[in-house]
Q: 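Let me begin by handing over the structure; questions about it come next.
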Amino acid sequence: MKHENISSVLKSVTKPGRYIGGEYNSVIKDKATVKCRFALCFPDTYEIGMSNLGVRILYDVLNKDESIWCERFYAPWCDMKEKMEKYSIPLSSMESRDELLKFDLVGFSLQYELCYTTALAMLKLAQIPIWSRERSDDCPIIIGGGPCVYNSEPIADFFDLINVGEGEEVLLEISHLYIKMKEDNTYTRSAFLRAAADIEGVYIPSLYDVSYNSDGTIKEYKPKCDGLPSKIKKRIISDLDTVEYPEKLVMPYIETVHDRIVLEVYRGCIRGCRFCQAGMVYRPIREKSPETLCRAAKCLYENSGYEEISLISLSISDYSRLPELTDKLLEWTDDAHVSLSLPSLRIDSFSEELMKKVSSVRTGGLTFAPEAGTQRLRDVINKNVTEEDLTRAVGIAFRGGKSNVKLYFMNGLPTETFEDIEGIAALAKKVIDEYYKLPKNERPKNGVGVTVSVSCFVPKPFTPFQWEKQDSYELLIEKQEHLKNCITDKRIKYAYHDAKVSFIEAILARGDRRLAPAIALAVERGAIFDAWDEYFDYERWLDVFHTTGVDPNFYTTRGFGLDEVLPWDIIDCGVSKSFLLREREKAYKEQTTPSCAEQCNACGANKLGGKNRWCK
Amino acid sequence: MVQINGSNLNVRIKFTKTGALQYISHLDLVRTMHKVIVRAKLPLWYTEGFNPKPKMVFAAPLSIGTESRTEFMDLRITKYVPEKEIIEALNKNLTDEMRVIDAYYPETKLTDLKWLSYTILVKTAKPCDDTLAECCERALRSEIVEIEKKSKPGEAKKIVNIAPLIKSVNVAAVDNGLQISTCLSADQSSFLNPEYIISALKNQCGILNSCDLISEYYSIMREFAYRDDMSEFR
């Protein structure tokens, strides 16, 4: 729907700039000359979707192919959605303004479990059946990708095709298969999906039957026909230096969450913290060279006009050539008034040198993630930082003029006791003490402030803790209250996440296909934007679980048996189950595991290959 | 050419903001322009201090929903660049709905801009005749044109007479609606937002009062800029 036809509607909603498209560097192609129309959908608002690097990379990769035109779709905010339903305004792309039904392939980027309802709400708005089995041959193929698909079972019945792993190559292969079958006249939904199942990294849920034991656990996944893999191996990009990376970015007119160049430095993480899914599923660790990165940074700066470059990775200080990279960038960034930002700095790598070089480190606030309050618990979760590391790091920060420090922790970690909770308050106090250790004239002028931010642990698939149970809602609340009582110093602010949200997140992260009717019912009842406080409705979730016969505790407080078939066993993310079991055992013995830089711990991911790796 | 301290120069950019771009706010425009001038590789002057920024000053901010053929931005650069080069460099980095139509080293100040003319097109659900047009014109030409001024939450609402801020107004009936040509005050201290003309018409002549957002709508286009003596502002 073109903007001229709906000007009154646009003038009546908040931030109409979200819906206009036509941005600088957005790609317009001639419909008549392309052979495949791909819709990249981000199931959240424009401002959030435009800040996601993965989607920006895929948009660029797909559009560089002459036979494909990739366009973007975002979720309309509730005020706009209401008007769209009232006036029958269809969900349109940012580029051609065509409806979703007109596209051949539709890909949803699933970044967090709470976006599932928004994704389905978008399909509904676009008049596409949400159940895979109800779609006709005229319907586009609905594809799911992103971090959540490591366990896509709860939404498996809504997606025709799941792209497991990195999409830069596999999405092109899927598109070319589609084009070929259309040209050959061999295309039907089922024929296409069967053929796509042969592409590495492609999971077709409808081609597998799931059966259950009498105790409710999964019995087995059975492929419906011959030749299908028993596990779907994730796809990785072998050489990050040669893979396509955008030189141009679509430049949003309105303010988005990340108004800066986001440069992905390497994939994976050497640390192996036991709660962290990303650190496991992005292995093997593969680095980009400083030459590739600097070239990309310069290009992106000239084509965008952004004045900040953010170096992104799971743990930027572990990049093996960080000083070389920052030095190379600083050769031109200071003169060009471009500041460098290094988020995700580990406590034990924070140094004076870093503070001097990196201007955002000079100007912004500082965040560190000890995750647990005592050394004992930090050893259990393999977060190998000590109290000395923390006090040293904040000492450097305070001497450098920073007065505010934010500390991230989690509640509900395995083996956690109330002593560990009290440790969080003690650590925060030690940070304050460190400030006062400085002579008066060296202290930053504004006094000291510490923010303690505590989230609730969700045991995620493909981590050593994937079998653990989540603390019950009541226990989490008790722990949150206990910590509140321990923090008496006025200079310490305490923020904690809503345990109700974490509970639902855990169910969706660890669930199986039997959750699908509940999710569908939630969407029917208006669930959307579940990741937003103002729209998350806990009672509605409890109610739909109850109505569809799901016991939420089966997935959260029960804990999974070590011999059980897990819903995500259908996926092979590289890291082996035996490695995860070994790590779990060490956790319970309070033993740490060194990083990949120090020794190889035989996680198994090296079998996937990859260049510029840490793997021996 | 007026030199500011040392070799720094002030260049004035005249540009349009039309079509879909009427839906981005003034702040969005400022942020966008910032990136455009960086992409255009103009020799920008940056402020000193902790957070250096280029110096850009805009005349008469636009509300969301108003298009414009005559926007002005003053930019401080560190050395002379030929006007044609500036226009070309900027337009290469813009999309169609925002075009730079002129660039020059001005003799005037932005605050010399005192009046702005607008064309407002109203599409009504029912056809309009000359009587309605005359009624609207009379209402807007009267000595008292009252509107409720937008106030912050918690503040009492203010009723203001905007008649002194309306230099001229003509209303004609056209196909499916009305065309209003009006010249309004653009002085910083007494700026009249053309949206208030719509409010006045809604209250006093009963147009645009239906709840149907598809069959009734209006568009506002800022056309020309004038100095206090009604000569062209440049």
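Hydrogens, waters and symmetry mates play no part in the numbers below; they use all other heavy atoms, side chains included. We name chains A, B, ... by the order of the sequence lines, and we start the count at 1 in each one.
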Q: If you draw the axis of the six-membered ring of Trp77(A), does the NZ or CZ of Lys15(A) fall within 45° of it and under 6.0 Å from the ring centre?
A: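 So Lys15(A) doesn't make the cation-pi contact.
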
Q: Checking Lys123(B) against chain A: side chain, backbone, both or neither under 4.5 Å from a heavy atom?
A: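 No part of it gets close to chain A.
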
Q: Which atoms of Glu216(B) come close to chain A, meaning under 4.5 Å heavy atom to heavy atom: side chain ones, backbone ones, both, or neither?
A: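 Looking at Glu216(B), just its backbone touches chain A.
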
Q: Contact part of Leu29(B) toward chain A, heavy-atom cut-off under 4.5 Å: side chain, backbone, both or neither?
A: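 Contact with chain A involves no heavy atom of Leu29(B) at all.
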
Q: I need the single residue from Arg295(A), Lys64(A), Lys298(A) that forms a salt bridge (Lys or Arg N to Asp or Glu O under 4.0 Å) with Glu247(A). Which is it?
A: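 Testing Glu247(A) for a salt bridge (Lys or Arg N to Asp or Glu O under 4.0 Å) against Arg295(A), Lys64(A), Lys298(A) leaves exactly one candidate, Lys64(A).
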
Q: Which one of Arg72(A), Arg37(A), Lys29(A) satisfies the salt bridge (Lys or Arg N to Asp or Glu O under 4.0 Å) criterion with Asp98(A)?
A: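 By the salt bridge (Lys or Arg N to Asp or Glu O under 4.0 Å) criterion, Asp98(A) pairs with just one of Arg72(A), Arg37(A), Lys29(A): Arg37(A).
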
Q: Heavy-atom count around Glu88(B) CD within 6.0 Å, excluding the residue itself: above 12?
A: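 Incorrect, the count does not exceed 12.
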
Q: Against chain A, label Ile214(B) side chain, backbone, both or neither, depending on which of its atoms sit under 4.5 Å from a heavy atom there.
A: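 For Ile214(B), heavy atoms of backbone and side chain both lie under 4.5 Å from chain A.
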
Q: In terms of heavy-atom proximity below 4.5 Å to chain A, should Asn51(B) be classed as side chain, backbone, both, or neither?
A: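 Looking at Asn51(B), nothing touches chain A.
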
Q: For Glu307(A), is it the side chain, the backbone, both, or neither that has a heavy atom closer than 4.5 Å to a heavy atom of chain B?
A: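 For Glu307(A), side-chain heavy atoms alone lie under 4.5 Å from chain B.
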
Q: Side chain from CB out, backbone as N, CA, C, O: work out which of these in Tyr24(A) comes under 4.5 Å of a heavy atom of chain B, or both, or neither.
A: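 Both backbone and side chain of Tyr24(A) come within 4.5 Å of chain B.
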
Q: Only pairs of heavy atoms separated by less than 4.5 Å count here; which of Leu21(B), Leu94(B), Leu27(B), Ile64(B) has the most with chain A?
A: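 Heavy-atom pairs under 4.5 Å are most numerous for Leu21(B).
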
Q: Between Glu95(A) and Ser26(A), is there a side-chain donor-acceptor contact under 3.5 Å, judged purely by atom types and distance?
A: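 Their side chains do not contain a donor-acceptor pair, so the 3.5 Å distance test is not met.
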
Q: Would you say the rings of Tyr80(B) and Tyr105(B) are close, in the sense that their centroids are separated by under 6.0 Å?
A: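 Yes, the ring centres sit under 6.0 Å apart.
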
Q: Pick one of side chain, backbone, both or neither for Asn93(B), based on which atoms fall under 4.5 Å of a heavy atom in chain A.
A: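 Both backbone and side chain.
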
Q: Between Thr70(B) and Lys14(B), is any pair of side-chain heavy atoms under 4.5 Å apart?
A: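 The answer is yes, as the side chains (C-beta and beyond) meet within the 4.5 Å cut-off.
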
Q: Sort out for me which of Ser12(A), Pro16(A), Gly17(A), Gly21(A) touches chain B most, counting heavy-atom pairs under 4.5 Å.
A: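 Of the options given, most contacts go to Pro16(A).
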
Q: What option among Ile89(A), Leu10(A), Ile6(A) has the most heavy-atom pairs under 4.5 Å with chain B?
A: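 Option with the greatest count: Leu10(A).
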
Q: Pick one of side chain, backbone, both or neither for Asn25(A), based on which atoms fall under 4.5 Å of a heavy atom in chain B.
A: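 The answer is neither part of Asn25(A).
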
Q: Thr33(A) vs Asp30(A), test: side chain to side chain donor-acceptor pair (under 3.5 Å). Steps then yes/no.
A: CA-CA 6 Å; Thr33(A) 61; Asp30(A) 181 359; 4.6 Å; no

